[in-house]
Amino acid sequence: MSSAAVIPHIDQGLLAGYGCSEQGPYLVLDRIDAMPWARERFAVRNRTFTLETGSGRHCTGRHDLATGESLPCPVRSAPSDPTLEQCSACYVATGFNPAFYHAAQVSPQQRRRNRQPHVVYLVSFGAGGLKVGMTYAPRRLSRLLEQGARLGAVIASFETADQARELEANIASSCDVAEVVRAARKRHLLGAPFSMNAARLDLAYKIESIHELWPEVVDPHPEILELDRHYAAPGSFDKPLTDLSETEPLGISGHCLGMIGDVVVTTQGTQRFMLSVGLMLGRQVRLSPLERPNRFVGQLGFPF
């Protein structure tokens, strides 16, 4: 996967993924006007661009759990079910199911991964927004950033995924902590008043209460990571954000302040906007280095 230094003009792209590393947030696009499809990664923080959906849907490709390599769909397929992001061939090739504990069958790739070290984490999206999860141990920071959490801590480590899953399920059922926080809820919390100190105290209190129930495995005082610095410059989320996630066609434009989880945040003049690009996964998109006016619910759609 190449990493482009500038935002290009792409008329026929496919949003195949997004993420955040220690270098900052990025989008992954497949150039579906090329043969074979070419996959590129674009850093978005401090870049000006317009991103909008087109009409088509395509498979987002496959991922090799052993090497970490991500590739476009080799047959340029479209999922049979519009609610899916992968075609059946790429789903089988990837072999990953985050809810493997509910699956009737587990792939060989998943079984190999499950036998490797995993961790349990607790994250905060803001007041009243705590979540428990588990992940492959080497991906601990990446997973916290994928969540779009404001704060996070690894509270326990295990030799296998099954052991980590047992604690995750117990915490969710016994400690009033969610296993899933939906995208709309995350956007609501992002737009609400936020105190880092209050959220830290809330998270630390919950970790200590969990430790009291499972003192043998849960660290009572883990390092609590403040994650905003990975997403955007300080103060980027302080002003009111106009949500474009319910306006069709989906799109956002402006100078990008950053991205938190799947939420891209841009500024135009005195206004700030946000869009959940997770809603665009698997959809044909257009990307341009030019800025155009944003439109939102209550207005007509994008004029371009």
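Residues: numbered from 1 along the sequence shown. Below, each value reflects all heavy atoms present in this structure, side chains not excepted, and no hydrogens, waters or symmetry copies.
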Atom CG of residue position Asp81 - does it have more than 12 heavy atoms of other residues, nucleotides or ligands inside 6.0 Å?
yes

List the steps, then state whether side-chain contact (heavy atoms from CB on, under 4.5 Å) holds for Ile224 with Leu203.
CA-CA 8 Å; Ile224 295 178; Leu203 183 60; 3.9 Å; yes

Looking at Val218, Val132, Leu144, which one forms a side chain to side chain contact (heavy atoms under 4.5 Å, CB included) with Leu122?
Val132

Between the side chains of Asn197 and Ser195, does any donor sit under 3.5 Å from an acceptor?
no

Do the side chains of Glu85 and Arg283 get close enough for a salt bridge, i.e. N-O under 4.0 angstrom?
no

Before giving the answer on side-chain contact (heavy atoms from CB on, under 4.5 Å), spell out for Val92 and Ser107 the whole-Å C-alpha distance, their side-chain angles and the decisive distance to 0.1 Å.
CA-CA 8 Å; Val92 171; Ser107 71; over 6 Å; no

Derivation and outcome, side-chain contact (heavy atoms from CB on, under 4.5 Å), residues Arg45 and Tyr231
CA-CA 8 Å; Arg45 184 172 170 177; Tyr231 308 129; over 6 Å; no

Ignoring hydrogens and geometry beyond distance, is a side-chain donor-acceptor pair present between Asp262 and Ser276 at under 3.5 Å?
yes

Hey, could you give me each pair passing salt bridge (charged side-chain N to carboxylate O under 4.0 Å, His left out) that has a residue in residues 98-114? Not counting sequence neighbours.
none

Donor + acceptor pair across side chains of Thr94, Gln109 (<3.5 Å):
no

Under the side-chain contact (heavy atoms from CB on, under 4.5 Å) rule, what do Val264 and Thr266 come out as? Steps first, then yes or no, please.
CA-CA 7 Å; Val264 170; Thr266 67; 4.0 Å; yes

Measure from NZ or CZ of Arg150 to the centre of the six-membered ring of Phe194 and say whether it is under 6.0 Å with the direction within 45° of the ring axis.
yes

Heavy atoms from other residues, nucleotides or ligands near CD of Gln268 exceed 12 (cutoff 6.0 Å):
yes

By side-chain hydrogen bond (donor to acceptor under 3.5 Å, both in side chains), which residues pair with Arg200, not counting sequence neighbours?
Glu226

Is there a side-chain contact between Val277 and Leu15 (heavy atoms, below 4.5 Å)?
yes

Distance only, no hydrogens: is a donor on one side chain within 3.5 Å (strictly under) of an acceptor on the other, for Asp162 and Thr160?
no

Side-chain (Arg272) to main-chain (Ser236) donor-acceptor, under 3.5 angstrom:
yes

Can a side-chain donor-acceptor contact be found between Asp11 and His9 if the only test is distance below 3.5 angstrom?
yes

Glu291, CD atom: more than 12 neighbouring heavy atoms under 6.0 Å
yes

Distance only, no hydrogens: is a donor on one side chain within 3.5 Å (strictly under) of an acceptor on the other, for Arg39 and Ser70?
yes

